[in-house]
Amino acid sequence: MRNYKELKEEVWDKGICSGCSICTIVCPMKTIFFDHGSPTTYNYCKSEKDNVPCGGCYSCCPRIETFLEKHGIGSFIGAFAAKASMDISKKQSGGAVTAILFNALKRNLIDSVVMVGQDHTTMKTYSIAVKDADQLLCYAGSKYIWYTPSLTALRDIIEEGTSKRIAIVGTPCVCQAVRKMLKSDNPVLNKFKESVLLLIGVFCTEIFDYDRSMRYLSENDIIPSEIKRVDIKKDLIIEKYDGSIIELPITKDLKKTGCEVCMDFSAVDADISAGSIGSEEGYTTILTRTPMGEFFLNSAKENGCIEADALVSTDIIEKFASQKYKRNYKRYKEIIGDGT
Ligand SMILES: Cc1cc2nc3c(=O)[nH]c(=O)nc-3n(C[C@H](O)[C@H](O)[C@H](O)COP(=O)(O)OP(=O)(O)OC[C@H]3O[C@@H](n4cnc5c(N)ncnc54)[C@H](O)[C@@H]3O)c2cc1C
């Protein structure tokens with residue numbers, strides 16, 4: 001059974017780790033952790049030292065085996081332009097993601113949501129499990145900078161034992177990791193598999209490295225605590241609390257190492273995928289991919305939390321997905337090589 005040593009050799013040492021942190025949360029010995037953005041280990045792996053069957057980390061890493069299949073728009077049941085019917089001041093697009101989860105918590109369809117929060121003064125992100133629908137509204141909005149692994153709260157909430165029906169919001173790599181875990185027959189993963197009910201993935205071109213982003217902001221005389229909102233169009237659009245808007249070019253070195261080989265734009269493994277492209281300003285593009293995803297969207301609609309109209313075309317999503325695939329597949333081959 002393969003353990004962290006193979007994972008280290010095939011993923012970490014090659015610089016293609018996505019930072020999803022599934023390895024960290026499933027390790028029964030809690031021996032894997034992130035140090036300054038990179039996965040590492042306390043070097044106490046039961047599988048390696050005592051020959052105890054495990055391999056949890058290897059079996060759900062999104063950069064192993066299934067990786068090359070995950071691209072394109074993926075299969076979906078419905079495509080919508082959606083917006084929250086309630087006021088969500090921090091929403092990124094139409095607030096549909098928050099509205100779906102708000103409804104799910106309010107109607108007691110789930111127990112908690114594992115999502116990403118961000119410290120207002122430092123822009124450092126953190127993984128958090130939220131159980132209260134109203135509190136959830138504080139965590140709306142996209143965090144484009146990666147600081148800490150996004151899944152660590154999943155382990156905490158499962159160990160706490162009070163959440164049996166968990167929703168997760170994550171980038172495509174997180175969705176791939178969780179889906180792999182849910183499909184795996186490795187018994188080490190059972191306690192996680194039993195508790196995850198819904199997976200919402202955001203469209204993602206890339207995520208930015210924290211240290212490099214802070215340096216870039218500082219070079220442009222921007223202090224994180226002055227920033228009210230960040231958006232990504234062609235450029236990085238920074239809206240400050242004083243009302244000013246600054247547009248900065250997105251330079252190549254901002255990208256988090258590991259993202260350059262990701263080929264999944266649309267979170268093909270999610271139950272629901274959500275993004276801004278494909279819909280007009282003020283709306284979220286929603287792809288429902290599974291009956292579970294459909295159920296949660298429909299419930300939010302029926303309870304008046306969300307308005308959703310069918311999308312006329314998904315061409316632009318396919319175009320973005322294909323561009324990401326072509327660009328990053330090339331980079332992946334440069335790094336990994338396959339003899340062709
Ligand atoms: C790193 C990143 C890159 C993106 N790139 C694109 C893109 O290229 N094209 C595009 O169309 N859309 C992109 N999106 C998606 C877009 O920004 C919105 O998240 C999406 O349209 C949903 O909007 P909403 O208003 O419905 O979400 P909201 O209601 O505002 O909710 C957003 C949810 O996402 C969660 N979240 C925020 N940041 C993260 C994160 N880093 N990791 C995990 N969960 C997070 C929040 O906790 C919240 O639950 C990206 C999102 C992220 C996080």
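Counting convention: from 1, in listed order, for ligands and their atoms alike. For reference, positions follow the sequence shown, starting with 1.
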- request: Report the part of Phe265 (side chain from C-beta onward, or backbone N, CA, C, O) that has a heavy atom under 4.0 Å from ligand 1; answer both or neither where that applies.
  value: side chain

- request: Looking only at protein heavy atoms, identify the closest one to atom 32 (C) of ligand 1 and say how far it is in Å.
  value: Gly141 N, 3.8 Å

task: Pick one of side chain, backbone, both or neither for how Val97 approaches ligand 1, counting any non-hydrogen atom pair under 4.0 Å.
output: both

query: In terms of residue, atom name and distance, what is the protein heavy atom nearest to atom 41 (N) of ligand 1?
result: Lys143 O, 2.9 Å

Protein heavy atom at shortest distance from atom 26 (O) of ligand 1: Thr284 OG1, 2.8 Å

query: Polar-atom distance check: Met115 versus ligand 1, any N or O pair below 3.5 Å?
result: no

Greater than 12 external heavy atoms within 6.0 Å of Phe296's CZ: yes

query: Considering residues at least two apart in sequence or located in another chain, which fulfil the side-chain hydrogen bond (donor to acceptor under 3.5 Å, both in side chains) criterion with Lys30?
result: Glu159

- prompt: How far is atom 15 (C) of ligand 1 from its nearest protein heavy atom, and which residue and atom is that?
  reply: Phe203 O, 3.5 Å

message: Looking only at protein heavy atoms, which one is nearest to atom 31 (O) of ligand 1, and what is the separation?
response: Thr98 OG1, 3.3 Å

- line: for atom 18 (C) of ligand 1, nearest protein heavy atom and its distance come out as Ser142 OG, 3.3 Å

query: Should the pair Phe203 and Phe265 be assigned to parallel (<30°), tilted (30 to 60°) or perpendicular (>60°) ring geometry?
result: tilted

Shortest heavy-atom approach to atom 1 (C) of ligand 1 - which of Lys90, Lys83, Glu206, Gln92: Glu206

- request: Consider ligand 1: state whether an atom of it lies below 4.0 angstrom from any non-hydrogen atom of Ile88.
  value: no

query: Is the closest heavy atom of Ser150 to ligand 1 under 4.0 Å?
result: no

query: How far is atom 42 (N) of ligand 1 from its nearest protein heavy atom, and which residue and atom name does that atom have?
result: Val116 CG2, 3.5 Å

- prompt: Between Phe208 and Tyr144, how do the two ring planes meet: parallel, tilted or perpendicular, split at 30° and 60°?
  reply: tilted

field: Glu219 atom CD, over 12 foreign heavy atoms within 6.0 Å
entry: yes

task: Can you establish whether the number of heavy atoms outside Lys193 located under 6.0 Å from its atom NZ is more than 12?
output: yes

query: Less than 6.0 Å separating the ring centroids of Phe67 and Tyr332?
result: yes

- prompt: Any side-chain heavy-atom pair from Val169 and Val97 closer than 4.5 angstrom?
  reply: yes

- line: Across all chains, not counting sequence neighbours, the side-chain hydrogen bond (donor to acceptor under 3.5 Å, both in side chains) partners of Asn220 are none

message: As an exercise, identify every atom of ligand 1 less than 4.0 angstrom from a heavy atom of Ser93.
response: 18 (C), 20 (C), 21 (O), 23 (O), 24 (P), 25 (O)

query: Once the angle between the rings of Tyr139 and Tyr126 is folded into 0 to 90°, is it parallel (under 30°), tilted (30 to 60°) or perpendicular (over 60°)?
result: perpendicular

- prompt: Would one find more than 12 heavy atoms of other residues, nucleotides or ligands at under 6.0 Å from atom NZ of Lys131?
  reply: yes

- prompt: Got the closest protein heavy atom to atom 46 (C) of ligand 1, with its distance?
  reply: Tyr139 O, 3.4 Å

message: Below a 4.0 angstrom heavy-atom separation, can you tell me which part of Ser276, side chain or backbone, both or neither, approaches ligand 1?
response: both

- request: Taking only heavy atoms of Gly170 into account, list the atoms of ligand 1 that are under 4.0 Å away from them.
  value: 43 (C)

